[in-house]
J.: 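Attaching a single structure in structure tokens format; questions to follow.
A note on names: the letters A, B, ... follow the listed sequences, proteins ahead of strands, and every chain is numbered from 1.
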Amino acid sequence: MLKRRFRLKNKHEFKKTYQNGKTVANSYLVLYLIENKEIDDSKVAFAVGKRIGKAVVRNKIKRILREVYRKNMQAVKKNHYLIFIARAKIKGISYVNIEKSMLALLNKTGLISRK
RNA sequence: UGAGUAUGCUGGGUAAUCGCGGAUAUAAAUGCCGAAAGGCUGUAUCUGAGGAAAGUCCGAGCUCCAUAGGGCAGGGUGCUGGGUAACUCCCAGUGGAGGAGACUCCAAGGAAAGUGCCACAGAGAUAUACCGCCGAUGGCCGUUUUACGGCACAGGCAAGGGUGGAAAGGCGAGGUAAGAGCUCACCAGCAGCCAGGUGACUGGCUGGCUAGGUAAACCCCACCUGGAGCAAGACCGAAUAGAGGGGCAAUGGAACGGCCCGUUCCGCUCCCGGGUAAGGUCGCUUGAGGUGACGAGAGAUCGUCAUCCUAGAUAAAUGAUUGCCACCCCGUAAGGGGAACAGAACUCGGCUUACAGGCACACUCAUGUG
């Protein structure tokens with residue numbers, strides 16, 4: 001899990017990101033993204049809807065997403081709000097594939113430099 | 001040994017690295033963010049999901065609405081006794097149903113208060129006569145004429161057939177023209193009395209002879225029952241503008257689960273200086289609490305003493321990776337694979353549903369051996 005200051009928490013932050021943010025997606029994830037120069041770091045949130053599965057399944061996916069983000073957050077550019085939304089296909093996907101999927105989205109938007 | 005019945009428990013262990021929530025301690029700055037409330041960092045130690053955390057189906061605590069009030073309506077429960085804070089739960093019994101048995105299951109008050117319904121079939125479903133039986137009595141006819149035979153007209157019957165889940169207790173004997181509780185024995189059912197039991201009820205005796213089912217159909221009877229819920233609710237709190245307390249008067253409106261009562265508010269006036277949204281803090285975990293011993297009880301459960309403190313998040317922490325041991329599967333082996341149902345959200349007591357494995361104890365039936 002990330003520390004609190006790297007998490008997106010308030011309603012207005014969510015609202016702003018959903019309404020004004022850019023969107024990119026692949027088959028497992030959707031990413032909402034907006035730049036905010038008022039903050040020093042980037043803030044992130046993960047949404048896993050009820051369509052994905054029962055509580056145990058959803059928790060598991062959230063935790064994997066957080067873990068993947070945590071490992072790669074050094075490379076992510078600052079001053080952004082990010083929201084990752086899990087899509088139905090993500091069920092049963094391994095840690096490695098989720099990591100690939102997330103990195104692909106971050107590359108696409110230029111938030112991290114391609115290795 | 002096999003098949004089964006019932007009860008209780010368990011729901012991998014251990015170690016390492018990286019990471020997160022909470023508590024405590026400590027350090028750094030008269031620091032940073034914010035209007036304020038409040039929050040932010042490092043280190044150390046401790047601690048961090050379940051038996052169902054689930055479904056949200058019952059019952060409570062707690063909070064606010066009036067102190068939760070009265071009547072009606074509505075809703076719930078429904079054999080007996082006990083347990084409990086309470087229950088629709090639990091325990092022990094009674095009655096009924098099922099099973100060879102251990103044992104299991106039951107929404108188990110009232111159908112002679114009333115009403116409704118009982119499809120199809122069938123003549124008829126609280127009511128009948130289709131087939132049928134009889135035709136003693138009365139009628140008609142015949143003859144060998146105070147009697148007998150015939151007809152099946154009046155009429156009698158409900159035994160048999162047939163229909164049905166169910167056809168006016170069952171079965172046998174007597175009885176009769178044929179029949180019928182018409183009479184009798186036994187059985188079932190009903191009422192009364194006696195005995196036993198706290199009671200549901202059980203046993204016996206006597207009597208009159210018969211009363212269909214259905215109340216998770218309306219209904220009757222007895223008992224219980226106010227509403228909303230932690231997004232309850234309390235507090236802190238910019239902008240903007242409102243709200244709280246006391247007194248007064250009259251009729252309308254609104255609110256308090258539906259209606260009636262009842263209560264409160266809306267009006268005027270005086271006083272006070274405070275209140276709302278986003279946001280934040282509290283509520284928030286010490287409780288009908290766990291564990292052990294002893295005692296009471298048939299049991300549910302209760303009492304006494306000792307001891308322990310065991311998640312409190314809020315776009316919501318318990319994750320990722322790996323080693324060893326244990327378990328299951330595949331394989332001669334090296335080795336490979338697997339591990340259920342499922343994630344706290346105010347807290348308890350239950351119920352229900354889901355569930356890979358494993359353990360303990362009691363009992364029943366069958367078979368074998370001694």
Side-chain angles (χ1 to χ4, degrees):
Chain A
M1 188 55 202
L2 300 155
K3 291 222 180 279
R4 278 225 179 89
R5 62 193 169 98
F6 301 123
R7 281 185 256 162
L8 203 54
K9 286 176 74 181
N10 293 329
K11 274 184 187 167
H12 66 263
E13 294 173 337
F14 273 88
K15 209 173 173 185
K16 197 171 167 185
T17 312
Y18 278 128
Q19 286 182 352
N20 305 322
K22 284 193 291 183
T23 314
V24 282
N26 58 24
S27 55
Y28 300 137
L29 290 170
V30 180
L31 171 61
Y32 282 80
L33 163 86
I34 193 166
E35 192 169 11
N36 185 350
K37 287 187 175 157
E38 293 175 2
I39 55 166
D40 296 333
D41 301 297
S42 280
K43 286 188 169 186
V44 69
F46 306 93
V48 182
K50 279 210 169 167
R51 300 171 63 193
I52 309 296
K54 294 194 172 188
V56 175
V57 178
R58 295 201 306 271
N59 278 340
K60 184 83 179 169
I61 290 169
K62 272 193 197 175
R63 285 162 182 167
I64 291 175
L65 287 172
R66 284 185 201 125
E67 183 67 13
V68 168
Y69 182 80
R70 190 181 66 81
K71 290 210 167 149
N72 295 289
M73 67 185 285
Q74 295 298 329
V76 176
K77 281 189 186 169
K78 293 180 191 288
N79 315 108
H80 285 84
Y81 287 158
L82 299 90
I83 301 176
F84 288 97
I85 296 169
R87 309 183 80 178
K89 275 188 174 177
I90 206 169
K91 257 191 286 186
I93 300 301
S94 71
Y95 179 91
V96 177
N97 285 326
I98 289 176
E99 184 164 35
K100 275 186 195 165
S101 173
M102 187 186 284
L103 290 178
L105 284 184
L106 291 173
N107 267 323
K108 223 177 186 176
T109 53
L111 275 174
I112 59 174
S113 47
R114 193 181 293 270
K115 288 174 187 171

J.: Distance check needed: B/rC18 P versus A/Arg70 CZ, whole Å only.
T.: 11 Å
J.: To the nearest Å, how far apart are A/Ile61 CD1 and B/rA316 C1'?
T.: 17 Å
J.: Hey, which sits more toward the 5' end of RNA chain B by its nearest nucleotide, A/Asn59 or A/Ala47?
T.: A/Ala47
J.: Name the orientation class of the two ring planes belonging to A/Tyr69 and A/Phe46 (parallel below 30°, tilted from 30 to 60°, perpendicular beyond 60°).
T.: perpendicular
J.: Quick one: is A/Arg66 getting a side-chain N or O under 4.0 Å of the B/rA317 phosphate, OP1 or OP2?
T.: yes
J.: Rounded to whole angstroms, how far apart are CZ on A/Phe46 and P on B/rG319?
T.: 17 Å
J.: Kindly indicate whether the side chain of A/Leu106, heavy atoms from C-beta on, has any atom under 4.5 Å from the side chain of A/Leu82.
T.: yes
J.: Counting only Watson-Crick or G-U wobble pairs whose two distances fall under 3.5 Å, which nucleotide matches B/rC190?
T.: B/rG207
J.: Within 90° of 0 counts as syn, otherwise anti: where does B/rG11 fall?
T.: anti
J.: Which nucleotide, if any, forms a Watson-Crick or G-U wobble pair with B/rU1, using both distances under 3.5 Å?
T.: B/rA366
J.: A/Ile52 has an atom CD1; how far is it from atom C1' of B/rA315, in whole Å?
T.: 16 Å
J.: Roughly how far apart, to the nearest Å, are B/rG207 and B/rA185 at atom P?
T.: 10 Å
J.: Just the rounded figure in Å: distance from P of B/rU318 to CD1 of A/Ile64.
T.: 12 Å
J.: For B/rG51, measure the glycosidic angle (O4'-C1'-N9-C4 for a purine, O4'-C1'-N1-C2 for a pyrimidine) and name it syn if it falls within 90° of 0, otherwise anti.
T.: syn
J.: With A/Leu31 as reference, evaluate A/Val24, A/Val44, A/Ile83 under the side-chain contact (heavy atoms from CB on, under 4.5 Å) test and give the passing residue.
T.: A/Val24
J.: Whom does B/rA107 pair with, Watson-Crick or G-U wobble, provided both distances fall under 3.5 Å?
T.: none
J.: P atom, B/rA298 versus B/rG343: distance in rounded Å?
T.: 45 Å
J.: On RNA chain B, nearest-nucleotide positions of A/Ala55 versus A/Lys71: which is more 5'?
T.: A/Lys71
J.: Just confirming the chi classification of B/rU310, syn or anti, using 90° around 0 as the syn window.
T.: syn
J.: I want to verify the glycosidic state of B/rA49; is it syn or anti under the 90° rule?
T.: syn
J.: Could you list the residues that satisfy side-chain contact (heavy atoms from CB on, under 4.5 Å) with A/Val56, not counting sequence neighbours?
T.: none
J.: Shortest non-hydrogen contact from A/Ser101 to A/Leu29?
T.: OG-CD1, 3.7 Å
J.: B/rA188 and B/rC302: how far apart are their P atoms, nearest whole angstrom?
T.: 46 Å
J.: Could you tell me which nucleotide pairs with B/rG335 by Watson-Crick or G-U wobble geometry, both distances under 3.5 Å, or answer none if nothing does?
T.: B/rC330
J.: When the C1' atoms of B/rA178 and B/rA152 are compared, how many Å lie between them, rounded to an integer?
T.: 15 Å
J.: What is the pairing partner of B/rC171, taking Watson-Crick or G-U wobble pairs with both distances under 3.5 Å in any strand?
T.: none
J.: Between B/rA345 and B/rA232, how many Å separate the two C1' atoms, rounded to a whole number?
T.: 15 Å
J.: Whole Å only: how far is the CD1 atom of A/Ile98 from the C1' atom of B/rA320?
T.: 12 Å
J.: Between B/rA354 and B/rG257, how far apart are the P atoms? Round to whole Å, please.
T.: 40 Å
J.: With both distances kept under 3.5 Å, what pairs with B/rC151, Watson-Crick or G-U wobble?
T.: B/rG139
J.: Sequence neighbours excluded, which residues qualify as side chain to side chain donor-acceptor pair (under 3.5 Å) partners of A/Asn59?
T.: none
J.: If the glycosidic angle sits within 90 degrees of zero it is syn, else anti. Tell me which applies to B/rA211.
T.: syn
J.: For B/rU45, what is the paired nucleotide under Watson-Crick or G-U wobble rules, both distances under 3.5 Å?
T.: B/rA23
J.: In whole Å, measure the gap between the P atoms of B/rU67 and B/rC58 for me.
T.: 28 Å
J.: Using every non-hydrogen atom in the two residues, find where A/Met102 and A/Leu65 come nearest and quote the distance to one decimal.
T.: CE-O, 3.6 Å
J.: Any chance you could measure A/Lys62, atom NZ, to A/Arg58, atom CZ, to the nearest 0.5 Å?
T.: 7.5 Å
J.: Any protein N or O atoms within reach of nucleotides 51-57 of chain B? Criterion: under 3.5 Å, listing atom names and distances.
T.:
none

J.: CG of A/Leu82 versus P of B/rA315: gap in Å, rounded?
T.: 18 Å
J.: Could you go through A/Tyr28 and A/Ile98, starting from their C-alpha distance and side-chain angles, then the distance that decides it, and tell me whether this counts as side chain to side chain contact (heavy atoms under 4.5 Å, CB included)?
T.: CA-CA 8 Å; A/Tyr28 300 137; A/Ile98 289 176; over 6 Å; no
J.: Across all strands, who's sitting opposite B/rC359 as a Watson-Crick or G-U wobble pair, both distances under 3.5 Å?
T.: B/rG8
J.: Distance check needed: B/rU17 C1' versus A/Glu67 CD, whole Å only.
T.: 12 Å
J.: Looking only at side-chain N and O atoms, does A/Arg63 come under 4.0 Å of OP1 or OP2 in B/rU318?
T.: yes
J.: Looking across every strand, which nucleic acid part, if any, lies under 4.0 Å from A/Lys62 by heavy atom: base, sugar-phosphate, or nothing?
T.: nothing
J.: Measuring only between side-chain heavy atoms, which start at C-beta, is A/Arg63 closer than 4.5 Å to A/Lys60?
T.: no
J.: Which whole number of Å gives the distance between the P atom of B/rG12 and that of B/rC341?
T.: 13 Å
J.: Less than 4.0 angstrom between a side-chain N/O of A/Lys60 and OP1 or OP2 of B/rA342, yes or no?
T.: no
